[in-house]
Amino acid sequence: MEISALQKARYAYKPKLPADLSRPLDQIALEFGGATGAVADQDDLRALFTHSYGKPVVKFVSGKNDGLRKLLKAGVILSGGQAPGGHNVIAGIYDGLKKGNKDSVLYGFLGGPSGLIENRSVLITDEFIDRYRNTGGFDIIGSGRTKVETPEQFASSLETAKKLGLDAVVIIGGDDSNTNAALLAEYFLNQGSSIQVIGCPKTIDGDLKNEYIETSFGFDTAVKTYSELIGNIERDANSAKKYWHFIKLMGRSASHITLECALQTQPNVCFISEEVAAKKMSLMEVVDIICSSVVKRAGKGLNFGVVLVPEGLIEFIPEMKVLIEELNDILAANAAEFSQVSSFIEQMYWLGFKLTKASNNLFTSLPPEIAKQLLMDRDPHGNVQVSRIETEKLLMGMCEQRLNEFKKQGSYKGKFATQCHFFGYEGRCAFPSNFDADYCYSLGFSAFMLIASGLSGYISNIRNLVAPADQWIAGGVPLTMMMNMEHRHGSKKPVIKKALVELDGNPFKSFSSRRESWAEETKFVFPGAIQYFGPPEVCDQPTLSLKLEHQR
Ligand code: FBP
């Protein structure tokens with residue numbers, strides 16, 4: 001395989017570990033906190049997770065420990081969407097296992113959770129892992145979105161783990177995948193098995209976070225990659241002065257990615273879905289916010305600009321939310337019947353009898369392409385695939401219509417030429433930033449520590465992330481602590497609570513206090529590309545969101 005000069009240089013990069021994980025293993029002790037609860041619905045969760053609920057938070061500290069040198073066999077799964085740094089999590093687990101005992105073994109399950117269910121795995125060796133150190137992507141073993149939910153899937157997961165003689169399974173994933181990890185951990189214990197299950201917080205979306213998980217891995221690299229691209233577009237817009245750029249950004253429901261990119265690049269308009277929902281804004285109000293900036297800037301002769309749109313926005317506009325929820329229920333309840341309705345016109349007609357009047361009016365008023373996108377298959381966890389809905393084009397088209405009305409009324413004389421972009425997949429497999437390379441390796445090493453300590457139902461965590469890496473604090477948090485009960489597919493299910501943007505949090509406040517001037521003036525900032533080699537103030541900085549969150 002031919003490799004680039006950067007890849008070669010990154011192979012040699014030595015990820016930084018917290019000082020407490022860098023000691024010889026017999027000098028790393030465990031410090032336990034008190035019993036834990038859950039974020040909500042404690043009674044339901046205690047009843048569902050009889051073996052794994054309420055365990056203490058654990059921290060790795062300096063101290064004597066003779067128990068970490070066991071011969072261990074573990075399996076690792078990459079689950080869900082790609083996120084930069086996944087390879088380093090595996091490297092961290094692998095190096096930890098080998099440091100504990102050179103005969104310990106790590107298997108990589110192929111293609112996500114289905115690799116465990118169907119017993120497809122590869123043995124990870126020195127030579128194999130060395131080809132993936134500090135690189136982006138999940139291509140080392142692949143990923144998948146299979147939800148472990150049927151009794152047969154649980155049983156065959158246990159069967160595979162037993163066949164391979166595993167002591168532990170590590171699931172690297174987002175909220176849904178770590179929910180899988182919690183359920184598997186409980187199931188294994190319930191079956192009398194000692195096979196442990198450990199989670200690791202992955203997702204570029206940044207929505208798997210709480211007091212103990214300061215950020216999910218991959219967010220740092222993804223936002224820096226998108227911010228570079230947005231900055232480049234801003235510079236182009238400011239050079240050519242002829243286009244309004246509509247940029248949709250990945251992130252599923254939460255707007256953390258969009259918020260961080262806005263803080264880094266200072267676009268003219270940026271929506272935060274959580275605010276749109278809180279203010280109950282209609283689609284037309286969203287359009288009017290953009291048009292107001294276009295009109296004001298045109299008045300100054302500035303017929304160009306940049307608009308950031310989070311991909312989940314569509315689901316947060318109240319009337320759209322109702323429509324999408326109705327569609328979800330109708331399509332789930334009538335899947336077989338709907339699959340027989342072939343043309344879009346017939347689908348519209350069929351839905352006309354099932355949707356409420358208001359939702360049907362909205363649905364039929366949407367541009368056909370957008371309406372079709374709302375009908376596309378849901379993912380295995382029941383989520384609408386927002387990455388496939390062209391919200392940026394919907395808004396752009398509606399703005400065009402609105403501005404034409406203004407022109408007719410004589411209140412606007414500018415030009416409105418547009419370009420649309422979607423930045424999503426571009427950021428998910430980038431070479432991990434130094435932050436993500438270090439953070440992921442530490443998460444992996446910490447996962448090994450949890451395994452070697454005999455714990456199950458925990459997620460690996462690293463805290464104090466705004467400090468230099470040697471001051472980071474490593475440990476584990478019970479997965480049930482992050483759970484609540486939510487309505488999914490028509491019934492209440494235990495799930496890890498998604499962390500949405502907090503409107504009273506520092507990142508949002510910093511953005512909202514400055515956005516008015518960005519809307520009228522040109523205050524673009526050009527962050528440039530991620531730097532991998534150079535001074536720490538250029539190469540090792542965490543995101544602005546993380547820094548602002550720490551200023552509590
Ligand atoms: P995860 O929650 O699995 O990390 O997925 C992140 C994500 O990139 C979302 O931002 C996006 O909406 C989705 O995956 C796209 O999914 P797919 O890769 O299946 O197109």
Side-chain angles (χ1 to χ4, degrees), residues 77-87 89 111-114 136-139 141-148 171-181 199-210 213 215-227 229 247-261 272-274 308-316 324 328 373-374 376-392 421-430 432 436 439-440 443 459 482 486 488 495-501:
I77 298 170
L78 289 167
S79 182
Q82 283 69 250
H87 291 162
V89 180
S114 61
F138 277 6
D139 40 329
I141 50 174
S143 186
R145 291 197 184 278
T146 304
K147 182 164 172 49
V148 186
I171 300 183
I172 303 172
D175 52 338
D176 287 332
S177 312
N178 277 289
T179 297
N180 270 346
C200 270
K202 171 237 71 166
T203 177
I204 61 160
D205 301 350
D207 57 3
L208 177 51
K209 67 172 167 184
N210 50 51
I213 309 291
T215 186
S216 50
F217 80 75
F219 177 74
D220 186 88
T221 311
V223 290
K224 286 173 181 166
T225 305
Y226 302 142
S227 296
L229 298 175
I247 305 174
K248 184 177 78 163
L249 288 160
M250 223 177 213
R252 208 195 287 279
S253 305
S255 302
H256 298 291
I257 288 182
T258 304
L259 178 55
E260 172 68 22
C261 290
I272 300 302
S273 306
E274 291 82 346
L308 300 189
V309 180
E311 71 173 1
L313 178 70
I314 195 97
E315 281 189 291
F316 281 72
I324 290 171
N328 285 351
Q373 288 159 11
L374 290 178
M376 283 182 305
D377 290 344
R378 275 48 183 161
D379 79 5
H381 297 270
N383 305 311
V384 177
Q385 299 193 52
V386 279
S387 61
R388 301 177 69 187
I389 301 175
E390 294 172 309
T391 317
E392 72 286 18
H421 316 263
F422 170 36
F423 296 153
Y425 300 94
E426 294 82 346
R428 297 201 312 181
C429 284
D436 268 331
Y439 180 43
C440 290
L443 281 171
I459 186 166
M482 301 163 24
E486 287 178 20
R488 298 273 172 101
V495 292
I496 288 182
K497 194 171 171 7
K498 238 187 220 318
L500 298 178
V501 168

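In each ligand, atom 1 is the first atom listed, and ligand 1 is the first ligand listed. Every heavy atom of this structure was used, including side-chain atoms; hydrogens, water molecules and symmetry mates were not. Position 1 is the first residue of the sequence, and the numbers go up from there.
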**Q** Using a 4.0 Å cut-off to any heavy atom of Gly251, which atoms of ligand 1 qualify?
**A**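 Counting from 1, the qualifying ligand atoms are 10 (O).
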**Q** Which ligand 1 atoms does Glu311 reach within 4.0 Å, using its non-hydrogen atoms?
**A**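 The list of qualifying atoms is 9 (C), 10 (O), 11 (C), 12 (O).
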**Q** Which of the numbered atoms in ligand 1 are under 4.0 angstrom from any heavy atom belonging to Lys202?
**A** 1 (P), 3 (O), 4 (O)
**Q** Which ligand 1 atoms does Met250 reach within 4.0 Å, using its non-hydrogen atoms?
**A**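 Listed by number with element: 8 (O), 10 (O), 11 (C), 15 (C).
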**Q** I'd like to check which ligand 1 atoms, numbered from 1 as shown, lie under 4.0 Å from a non-hydrogen atom of Gly80.
**A**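 Heavy-atom distances to Gly80 below 4.0 Å select 3 (O).
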**Q** Relative to ligand 1, is Arg145 under 4.0 angstrom through side chain, backbone, both or neither, heavy atoms considered?
**A**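 Contact part for Arg145 vs ligand 1: side chain (C-beta onward).
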**Q** Quick one: do the Ser255 and Ser273 side chains pair a donor with an acceptor below 3.5 Å?
**A** yes
**Q** For Gly174 and ligand 1, answer yes if some heavy atom of the residue is under 4.0 Å from a ligand atom, otherwise no.
**A**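 Not so, Gly174 does not reach ligand 1.
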**Q** At a 4.0 Å threshold, what atoms of ligand 1 neighbour a non-hydrogen atom of Tyr425?
**A**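 It comes down to these atoms of ligand 1: 15 (C), 17 (P), 18 (O), 20 (O).
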**Q** Considering only protein heavy atoms, which is closest to atom 4 (O) of ligand 1, and at what distance to one decimal place?
**A**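 Atom 4 (O) of ligand 1 sits closest to the protein heavy atom Thr203 OG1, 2.8 Å.
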**Q** Which bit of Asp205 is near ligand 1, meaning a heavy atom under 4.0 Å away: side chain, backbone, both or neither?
**A** side chain
**Q** Out of Val495, Ile172, Ile213, Ile459, which one pairs with Asn178 under the side chain to side chain contact (heavy atoms under 4.5 Å, CB included) rule?
**A** Ile459
**Q** How far is atom 8 (O) of ligand 1 from the closest protein heavy atom, and which atom is that?
**A** Arg428 NH1, 2.9 Å
